[in-house]
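Report on the structure given below.
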Number of protein chains: 2
Amino acid sequence: MADRLRANDISPTHQRVEIARVLFERQEHFTADQILGSVNARHAEVSKATVYNTLKLFVEKKLIRELIIDPTRVVYDPNTTPHHHFYDTVSGSLTDIPADQVRVMGLPPLPPGMIADGVDIIVRTRPLNEPAMSGPTQPE
Amino acid sequence: MADRLRANDISPTHQRVEIARVLFERQEHFTADQILGSVNARHAEVSKATVYNTLKLFVEKKLIRELIIDPTRVVYDPNTTPHHHFYDTVSGSLTDIPADQVRVMGLPPLPPGMIADGVDIIVRTRPLNEPAMSGPTQPE
DNA sequence: TCCGCCGGTTAGACAGAGTCCAATACTGGC
DNA sequence: GCCAGTATTGGACTCTGTCTAACCGGCGGA
Ligand SMILES: [Mn+2]
Ligand SMILES: [Mn+2]
Ligand SMILES: [Zn+2]
Ligand SMILES: [Zn+2]
């Protein structure tokens, strides 16, 4: 894990390695708070400020992606391959959709002088019988 | 405007009508704070609590849509026809993409027991020469 | 060995969006 | 006009995320 950080021009401090382990060994979608909790589950190792500092650094270095899907918090995605998401509006859970099969057609030309930076697709889903929705249940 | 609210089972109070006027006459994307500011531009007419109450009500009644694109605030969209968005990651501005031309192919089947609730596409864009990005400049 | 530098970490204060509450004001059907 | 339900409101509060200023620690040079 330290080598992986070094390979991306990041000095592998103890805190950064611990955060990277949570992200890359588990390969799930995480909020900052979940990472803080996971890293410090056994005993305090990392502060809130460092979690935010480190996540920002990892995003800059393109080790992870930010997902803006939940109105109340940013979700971090250790999967940086091009992909989209199913978003269960009831439970709040996210599922990856590999992008290589997906094709979007008929998009209009970009506003002049603009360059495309990426396309995000979010498929909102809901359990078959669930009575419509308002907001997802916040886990823990 | 009062009739439009009544037609959607909403009693047209003074405050709700003022908020509806901002949303539907201007037909732009708004944050709660922008609506609060617009309605109260001349003199105080509506409180923050009422703006949030009313926006939530309008969303329930499907007069407007919530857009989750900016990590720091929800954007409200008075255009409820199916459409997607260009998102200028530098200025933060949103531009509608009518959905009728757009076709998404190759999406995998939904997780079992799930029903699709909608598909949102966000095309992130950037001015041609702009030096990549981090966060959009917050207007006002 | 000692010292200074400098990047990294940290507690806690702070900012901003959004929610909640209990008191007050309004509405509309009678 | 009365009154019961509905809506509005200031302000306290919560929560995510940012900032700051102190601190820590490894390394390199004298
Ligand atoms: Mn928020
Ligand atoms: Mn936030
Ligand atoms: Zn993902
Ligand atoms: Zn729109």
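Within every chain, numbering begins at 1; the chains are lettered A, B, ... in the order of the sequence lines, protein sequences first and strands thereafter.
Using a 4.0 Å cut-off, no side-chain N or O of A:T50 falls inside it from OP1 or OP2 of C:dG8. For D:dA7, one of the phosphate oxygens OP1 or OP2 lies less than 4.0 angstrom from a side-chain nitrogen or oxygen of B:R16. Residue B:S11 places at least one side-chain N or O closer than 4.0 Å to OP1 or OP2 of D:dA7. Contact check, B:Y52 against C:dG18: a side-chain N or O comes under 4.0 Å of OP1 or OP2. For B:Q15 and C:dC26, the shortest distance from a side-chain N or O to OP1 or OP2 is not below 4.0 Å.
Regarding A:I19, its CD1 atom lies at a distance of 13 Å from the C1' atom of C:dT10, rounded to whole Å. The nearest whole Å value for the distance from the CG atom in A:L36 to the C1' atom in C:dG12 is 14 Å. Atom P of nucleotide D:dC15 and atom CG of A:D33 are separated by 10 Å, given to the nearest angstrom. Atom CD of A:E66 is separated from atom C1' of D:dT18 by 14 Å (rounded to the nearest Å). Note: CG (A:L5) to P (C:dG8) measures 12 Å, nearest angstrom. Atom CD of A:E18 is separated from atom C1' of C:dT9 by 15 Å (rounded to the nearest Å). As rounded to whole Å, 15 Å separates atom P of C:dA17 from atom CD1 of B:I68. Taking atom CD on A:Q34 and atom P on D:dT16, their separation rounds to 10 Å, with Å as the unit.
Interface remark: the B:K48 side chain does form a donor-acceptor pair with the C:dT19 base, using a distance-only criterion of under 3.5 Å.
Of the candidate nucleotides C:dA11, C:dG18, D:dG17, C:dG18 has the atom nearest to the side chain of B:V74. If you check D:dA7, D:dT18, C:dT10 against the side chain of B:T13, the one that comes closest is D:dA7. Among the nucleotides C:dA17, D:dT8, C:dT10, the one closest to the side chain of A:V46 is C:dT10.
Toward the 5′ end of DNA chain C lies the nearest nucleotide of B:V75, the other residue of the pair B:H14 and B:V75 mapping further downstream.
Screening A:H83, A:H84, A:Q27 for a side chain to side chain donor-acceptor pair (under 3.5 Å) involving A:D96 leaves a single residue, A:H83.
At a threshold of 4.0 angstrom between heavy atoms, the contacts of B:N53 include nucleobase atoms, whether or not backbone atoms are also involved.
A salt bridge does not link B:R73 to B:D33: none of the charged nitrogens lies less than 4.0 Å from a carboxylate oxygen.
Looking at B:N53 and B:T50, their side chains never bring a donor and an acceptor atom within 3.5 Å of each other. No donor-acceptor contact under 3.5 angstrom links the side chains of A:R6 and A:S11, judged on distance only.
Looking only at side-chain heavy atoms (C-beta outward), A:R124 and B:D120 come within less than 4.5 Å of each other. No side-chain heavy atom of A:T31 sits under 4.5 Å from any side-chain heavy atom of A:I35.
Inter-axis angle, ends of the helix from C:dT1-D:dA30 to C:dC30-D:dG1, five pairs per end, rounded to 10 degrees: 10°.
In this structure, A:R4 forms a cation-pi arrangement with A:F24, its terminal cationic atom sitting closer than 6.0 Å to the ring centre and no more than 45° off the ring axis.
Here the closest non-hydrogen pair linking B:I115 and A:P127 is CG2-O, 4.3 Å.
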